[in-house]
Protein chains: 2
Amino acid sequence: MSLDKVDYVTEEAPRQATIFDVARLAGVSHQTVSRVVNDLPNVRPSTRVRVEEAIKKLRYVPSPAARALVTRRSRTIGLIATGGPEYGPSSTVLYFNAAARDARWSVFTANMTDSDPSSIRGAVEAFLRQNVEGIAVISGHEGSADVVAGMELTIPLVALEATPHAGLATVGADQYNGARNAVRHLIELGHRGIAHLAGPADSVDARERERGWRDELGANDLAARVIGIGDWSPSSGHRFGEACDLSGLTAIFAANDQMSIGLIHALNARGLAVPADMSIIGFDDIPEAAYVSPPLTTVRQDFETIGRDMLSTLLSRINGESATELPQSLPTLIERASTGLARRAS
Amino acid sequence: MSLDKVDYVTEEAPRQATIFDVARLAGVSHQTVSRVVNDLPNVRPSTRVRVEEAIKKLRYVPSPAARALVTRRSRTIGLIATGGPEYGPSSTVLYFNAAARDARWSVFTANMTDSDPSSIRGAVEAFLRQNVEGIAVISGHEGSADVVAGMELTIPLVALEATPHAGLATVGADQYNGARNAVRHLIELGHRGIAHLAGPADSVDARERERGWRDELGANDLAARVIGIGDWSPSSGHRFGEACDLSGLTAIFAANDQMSIGLIHALNARGLAVPADMSIIGFDDIPEAAYVSPPLTTVRQDFETIGRDMLSTLLSRINGESATELPQSLPTLIERASTGLARRAS
DNA sequence: AAGCAAACTGTGAGCGCTAACAACTTTTCA
DNA sequence: TGAAAAGTTGTTAGCGCTCACAGTTTGCTT
């Protein structure tokens with residue numbers, strides 16, 4: 001399959017070979033060529049070989065357009081991604097794409113910074129016209145997947161971080177238990193006043209992390225307090241870190257690493273040391289997390305696995321193997337230096 | 001164009017309308033419908049209106065497959081992205097995609113973590129089969145764009161960060177002058193021993209930044225010393241920060257922010273304060289840069305502009321408007337707190 | 001009012017492929 | 001040995017669209 005040093009389109013443009021060219025060269029009908037190409041049975045081995053040789057000789061490659069026209073299939077997936085270049089989503093997108101490549105599927109990507117329903121619908125409509133066989137939604141915004149699900153497509157749909165929904169498969173890490181583990185770690189260090197710096201309200205992941213935090217606190221008869229609702233960005237973490245009321249607190253669980261970084265920076269500016277005065281735990285384990293000061297204790301998500309799981313889930317839906325167990329990984333706690341033993345709350 | 005609450009594919013599957021359905025309803029020939037759809041002249045206004053109404057009523061949308069089959073055009077672009085989820089490239093990919101959406105073009109993305117020539121060729125071949133009308137390469141690896149360029153395609157090609165090459169348009173920020181500005185800033189602060197923590201050797205951007213650093217130093221009769229060649233990651237910055245010889249140095253220009261972060265962390269561990277003992281300047285201005293300790297002085301690249309410029313360059317090539325001036329923006333210096341006045345070198 | 005150009009509109013072919021079925025071989029088994 | 005069964009191959013008809021060109025109408029001259 002791998003051809004070296006080929007003039008893909010030479011000046012004389014010898015017109016890409018068609019199925020008929022191959023048929024003529026092999027001395028068979030075009031239909032037989034089609035059978036060979038599609039690996040259908042009932043072709044005599046000797047004929048098959050002859051056809052394969054002709055294919056190789058002519059460098060024949062079937063036209064996806066012609067194929068799509070008649071089969072209404074395209075071996076193509078549509079991917080909708082909303083939000084900016086945050087580490088988590090963009091990693092997931094990247095690995096989803098890589099997995100698709102490995103599986104020899106093509107993917108159309110529609111990136112949009114907002115998650116305006118009509119933009120999303122527009123993107124889906126464009127995908128539909130292209131005969132995509134499935135749609136994946138990787139969105140930080142809760143509504144996005146529901147918008148697509150609400151279109152009641154006949155093609156499978158898989159979404160990252162969305163509420164379970166009829167006809168909508170969701171894949172992702174277990175944010176809830178990841179968050180509980182984070183909080184449990186804090187409790188084990190002796191902390192009792194553990195606040196939360198939440199992620200955006202329209203993010204299911206953010207809400208799951210908050211719920212995990214709240215439940216773990218509840219299970220230990222501890223009070224819950226949210227010090228702010230950020231937008232995942234370091235600057236939002238910084239903003240809340242500057243302004244929030246820290247009384248009674250010895251630890252803060254931030255909804256992601258980037259906000260942790262902003263938060264720590266603001267805390268330092270207020271004369272508070274981390275973790276001596278305040279323990280901070282993040283979420284995601286971005287590459288920088290190990291190298292900021294102090295190195296961040298966090299909960300690692302494996303975005304590569306998530307992206308690949310999304311693809312394989314979608315592909316199995318496309319192949320009709322519906323309702324298999326949906327993959328869900330458990331994020332793991334990474335202990336570094338931003339958490340420490342609790343001191344008496346100030 | 002925006003339809004609300006539509007059953008995109010109802011259970012009875014009333015077969016997506018074709019051009020003939022529209023023609024029948026409007027009482028014209030399919031060819032006239034085609035003219036209206038493609039906005040060709042010589043259609044009586046009243047006829048045009050009638051056809052447009054029929055289109056709207058039937059929710060007719062032309063089939064890209066059929067169109068591509070006959071025109072051999074697809075209004076589709078192939079995007080090749082190599083490397084992992086680093087901030088710069090993934091942002092560029094994202095904004096490229098967003099710009100394409102705005103222009104109503106579809107884009108196939110082929111993401112690969114490596115930049116193996118045969119993978120790249122494979123991706124290009126797949127794109128060609130899909131009748132893409134142009135290819136964009138966003139790669140951290142130098143060879144990538146050249147591999148594609150070497151295939152001598154007849155469709156336009158645009159690449160980020162690549163050496164100028166026949167038939168290859170490159171778009172990007174002016175890494176060289178950005179780097180010179182960074183170094184000049186250091187010199188203005190009184191630094192004389194200014195080392196460089198370089199990016200990977202196979203990256204043109206990395207080499208341009210190094211060249212800028214070297215030339216600015218040379219222009220001021222200062223000696224140049226590279227303390228390491230990293231891979232853009234914080235951990236590589238950290239590694240070199242731990243081991244390098246710092247004698248005679250009061251400042252280090254790191255090839256990107258992430259390596260700066262790792263570097264600073266290692267320096268701190270060696271008992272060196274930034275910027276008191278050593279000034280550090282990075283490149284890119286990632287969102288975290290302002291919130292690490294100390295906030296990073298860096299050179300900001302506008303990835304959104306780069307991504308959008310890549311798209312518009314590619315589109316204008318596709319439309320035959322060749323050889324327009326290639327956009328190149330100048331990254332801007334962002335002064336924060338990781339650089340300070342030079343002390344006497346140790 | 002005839003005549004001609006310009007403006008419109010329609011017809012037929014064919015892009016490259018697969019689906020459906022017809023036709024021809026070979027094998028199998030009574 | 002012959003007929004049915006199984007295996008193999010070919011034929012035809014589209015998929016939905018655009019292109020090239022033919023045909024029809026309309027507007028403008030003289």
Side-chain angles (χ1 to χ4, degrees), chain A residues 9 13-52 54-55 58-76 106 126 128-133, chain B residues 9 13-52 54-55 58-76 106 126 128-133:
Chain A
V9 186
R15 187 49 127 246
Q16 173 76 287
T18 76
I19 202 171
F20 289 93
D21 299 321
V22 175
R24 196 175 318 117
L25 181 59
V28 297
S29 75
H30 70 281
Q31 179 58 20
T32 298
V33 177
S34 174
R35 287 191 186 99
V36 171
V37 167
N38 293 295
D39 220 31
L40 295 176
N42 296 338
V43 178
R44 191 175 312 178
S46 61
T47 311
R48 188 178 293 272
V49 168
R50 211 146 29 92
V51 171
E52 279 165 348
I55 287 174
L58 295 175
R59 295 210 175 83
Y60 167 72
V61 172
S63 150
R67 229 178 211 173
L69 184 59
V70 35
T71 61
R72 292 149 197 288
R73 294 200 57 175
S74 59
R75 209 178 168 83
T76 289
S106 296
L128 257 23
R129 275 173 233 155
Q130 302 276 5
N131 295 312
V132 300
E133 297 183 45
Chain B
V9 186
R15 186 50 127 243
Q16 172 75 287
T18 76
I19 201 171
F20 290 93
D21 300 322
V22 175
R24 198 175 316 118
L25 181 59
V28 297
S29 75
H30 70 279
Q31 178 58 22
T32 298
V33 177
S34 175
R35 287 192 184 97
V36 171
V37 167
N38 293 295
D39 219 31
L40 296 176
N42 296 338
V43 178
R44 188 176 313 175
S46 62
T47 311
R48 189 178 291 272
V49 168
R50 209 145 32 91
V51 171
E52 278 164 350
I55 287 174
L58 295 176
R59 295 210 174 82
Y60 167 73
V61 172
S63 151
R67 227 177 212 174
L69 183 59
V70 34
T71 60
R72 291 150 197 289
R73 295 200 57 176
S74 58
R75 211 179 167 82
T76 288
S106 297
L128 256 22
R129 276 173 233 154
Q130 303 276 6
N131 296 312
V132 301
E133 296 183 46

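Below, chain A is the first sequence line, B the second, and so on; all start at residue 1.
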Which residues within residues 34-41 of chain B lie with some heavy atom under 4.0 Å of an atom in DNA chain C?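 Under 4.0 Å from DNA chain C: B:R35.
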Ignoring hydrogens and geometry beyond distance, is a side-chain donor-acceptor pair present between A:S106 and B:Q130 at under 3.5 Å?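 There is such a pair between these side chains.
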Bend angle of the helix from C:dA1-D:dT30 to C:dA30-D:dT1, end axes from five pairs each (to 10°):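 End-to-end axis angle for the helix from C:dA1-D:dT30 to C:dA30-D:dT1: 40°, rounded to 10°.
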[X] side, atom [atom1]; [Y] side, atom [atom2] - distance, nearest 0.5 Å:
X      : Y      : atom1 : atom2 : result
B:Q16  : A:L128 : CD    : CG    : 8.0 Å
A:E133 : A:T71  : CD    : OG1   : 7.5 Å
B:T47  : B:E52  : OG1   : CD    : 10.5 Å

[atom1] of [X] versus [atom2] of [N]: gap in Å, rounded?
X     : N      : atom1 : atom2 : value
A:I19 : D:dT11 : CD1   : P     : 14 Å
A:I55 : C:dG16 : CD1   : P     : 16 Å
A:L69 : C:dA19 : CG    : C1'   : 13 Å
B:R44 : C:dA6  : CZ    : C1'   : 13 Å
A:D21 : C:dG16 : CG    : P     : 8 Å

Nearest non-hydrogen partners of [X] and [Y], listed with the distance:
X     : Y      : answer
A:S63 : B:L69  : OG-CD1, 4.2 Å
B:T32 : B:V51  : CG2-CG2, 4.5 Å
B:T18 : B:Y60  : C-CE1, 3.5 Å
A:S74 : A:V132 : OG-CA, 3.8 Å

For B:V70 and for A:R67, find the nucleotide of DNA chain C with the closest heavy atom, then tell me which residue's nucleotide is more 5'.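 Residue closer to the 5' terminus by nearest nucleotide: B:V70.
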Among residues two or more places apart or on two chains, list those pairs meeting salt bridge (charged side-chain N to carboxylate O under 4.0 Å, His left out) that have a residue in residues 35-49 of chain A.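 Sorted result for residues 35-49 of chain A: A:D39-A:R48.
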A:F20 vs A:R50, nearer the 5' end of DNA chain D by closest nucleotide: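 Its nucleotide being nearer the 5' end, the pick is A:R50.
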Can you list every ring-ring contact (aromatic ring centres under 6.0 Å, His included) pair that touches residues 23-49 of chain A, not counting sequence neighbours?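 For residues 23-49 of chain A: A:F20-A:H30.
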Short side-chain N/O contact to D:dT9 OP1/OP2 from A:T47, under 4.0 Å: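 Checking A:T47 against D:dT9: at least one side-chain N or O falls below 4.0 Å of OP1 or OP2.
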Would you tabulate the pairs of protein nitrogen or oxygen atoms and nucleotide nitrogen or oxygen atoms of nucleotides 3-7 of chain D closer than 3.5 angstrom?
none

Measuring only between side-chain heavy atoms, which start at C-beta, is [X] closer than 4.5 Å to [Y]?
X     : Y     : value
B:L58 : B:R24 : no
A:L40 : A:Q31 : no
A:V33 : A:V28 : yes

Residues from residues 22-33 of chain B lying under 4.0 Å of DNA chain D - heavy atoms: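 Residues of residues 22-33 of chain B that come under 4.0 Å of DNA chain D are, in numerical order, B:H30, B:Q31.
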